[in-house]
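Residues: numbered from 1 along the sequence shown. Here the structure is a predicted model, which is why all the values come from computation and not from measurement. Counting convention: from 1, in listed order, for ligands and their atoms alike.
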Amino acid sequence: MKRKLVLRFPGTVVEFPFMYTLVKEFNVMPNILKANINPRKEGQMVVELTADEKDLSEAVEFMQSRGVIVLPLEQQIVWVEERCNQCGACTVICPSGALTMKRPEMTVTFEGDKCIVCEHCLKACPARAVEARYLSGE
Ligand code: SF4
Ligand code: SF4
């Protein structure tokens, strides 16, 4: 199974090799999607973890026991209207009808509740008017 998570590391454990330990001790394959450390030496990482369900839950318990805050990740697609040049490229490939061309006005509209976060529009948009934002499920 795969799970996308936000991991927050307090300054006291930020240098511990968590990703190495997940691979060696828990058979978990991590894919780091985003990582940063703030000036107070606290770290935040967005990861996708792949493993058996049991290994994955043991790995999460291990990180929590070391003081890491583990939050579920939700990804959301955001349409930045002011950057959109109304070219329509995204509306052709959007499989869910979330991005559509309104006729006869020929203007693009985005309905977030229809979006299945397939990310096809991110690759299709020449104006970077569509963004994926990561939200932690706090
Ligand atoms: S992520 Fe997929 S479903 Fe959502 S708006 Fe983009 S193309 Fe449509
Ligand atoms: S591909 Fe980008 S610029 Fe073109 S209509 Fe879609 S959001 Fe707008």
Side-chain angles (χ1 to χ4, degrees):
M1 69 181 293
K2 287 179 194 261
R3 274 177 77 188
K4 285 183 182 170
L5 298 170
V6 177
L7 307 177
R8 292 199 186 140
F9 303 91
T12 48
V13 299
V14 81
E15 288 179 9
F16 186 85
F18 280 102
M19 296 303 111
Y20 175 80
T21 306
L22 293 190
V23 175
K24 295 296 279 183
E25 306 287 330
F26 296 96
N27 298 315
V28 171
M29 289 304 299
N31 179 19
I32 299 171
L33 304 172
K34 197 172 164 188
N36 57 59
I37 295 182
N38 69 22
R40 295 192 304 278
K41 296 244 168 147
E42 296 159 339
Q44 176 159 305
M45 213 181 252
V46 178
V47 288
E48 181 178 69
L49 302 181
T50 306
D52 291 346
E53 193 171 354
K54 181 171 172 291
D55 289 337
L56 200 45
S57 64
E58 285 176 3
V60 168
E61 279 171 26
F62 165 74
M63 289 191 286
Q64 289 171 326
S65 74
R66 292 297 190 106
V68 180
I69 297 168
V70 182
L71 301 166
L73 176 78
E74 290 173 20
Q75 197 175 359
Q76 189 181 57
I77 296 295
V78 176
W79 177 52
V80 186
E81 187 171 1
E82 48 285 11
R83 277 196 226 140
C84 175
N85 62 24
Q86 310 289 325
C87 72
C90 59
T91 66
V92 178
I93 49 111
C94 178
S96 69
L99 280 159
T100 50
M101 183 66 83
K102 203 165 143 197
R103 296 172 200 274
E105 300 91 332
M106 299 303 282
T107 53
V108 173
T109 57
F110 176 62
E111 292 171 86
D113 54 333
K114 290 187 183 171
C115 176
I116 56 170
V117 198
C118 68
E119 300 191 2
H120 293 338
C121 54
L122 294 183
K123 296 170 198 122
C125 179
R128 299 188 179 214
V130 199
E131 294 178 356
R133 292 194 187 154
Y134 294 115
L135 310 168
S136 64
E138 283 175 292

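At least one N, O or S atom of Cys90 sits under 2.8 Å from atom 6 (Fe) of ligand 2. Among the backbone and side-chain atoms of Cys125, none of the N, O or S atoms lies under 2.8 Å from atom 8 (Fe) of ligand 2. Among the backbone and side-chain atoms of Cys118, an N/O/S atom is found under 2.8 Å from atom 2 (Fe) of ligand 1.
No option in Thr109, Thr91, Thr107 other than Thr109 meets the side chain to side chain donor-acceptor pair (under 3.5 Å) test with Thr100.
The ligand atoms of ligand 2 that sit less than 4.0 angstrom from a heavy atom of Pro126 are 1 (S). Listed by number with element, the atoms of ligand 2 under 4.0 angstrom from any heavy atom of Asn85 are 3 (S), 4 (Fe), 8 (Fe). Counting the atoms of ligand 1 from 1 in the order shown, those under 4.0 Å from a heavy atom of Phe110 are 5 (S).
Neither Phe18 nor Tyr20 shares a network with the other; the hydrophobic side chains, linked directly or stepwise wherever heavy atoms of I, L, V, M, F, W or Y lie under 4.5 Å apart, form separate groups for each.
For the pair Trp79 and ligand 1, no heavy-atom separation below 4.0 Å is found.
With hydrogens and angles disregarded, a donor-acceptor distance shorter than 3.5 Å links the side chain of Asn85 to the backbone of Cys87. Not a single donor-acceptor pair under 3.5 Å links the side chain of Arg8 to the backbone N or O of Ile69.
When side chains are defined from C-beta on, Val28 does not count as touching Glu58, because their heavy atoms never get closer than 4.5 Å.
Within the 4.0 Å heavy-atom criterion, neither part of Thr91 lies near ligand 2. Under 4.0 Å from ligand 1, the heavy atoms of Glu119 that appear belong solely to its backbone.
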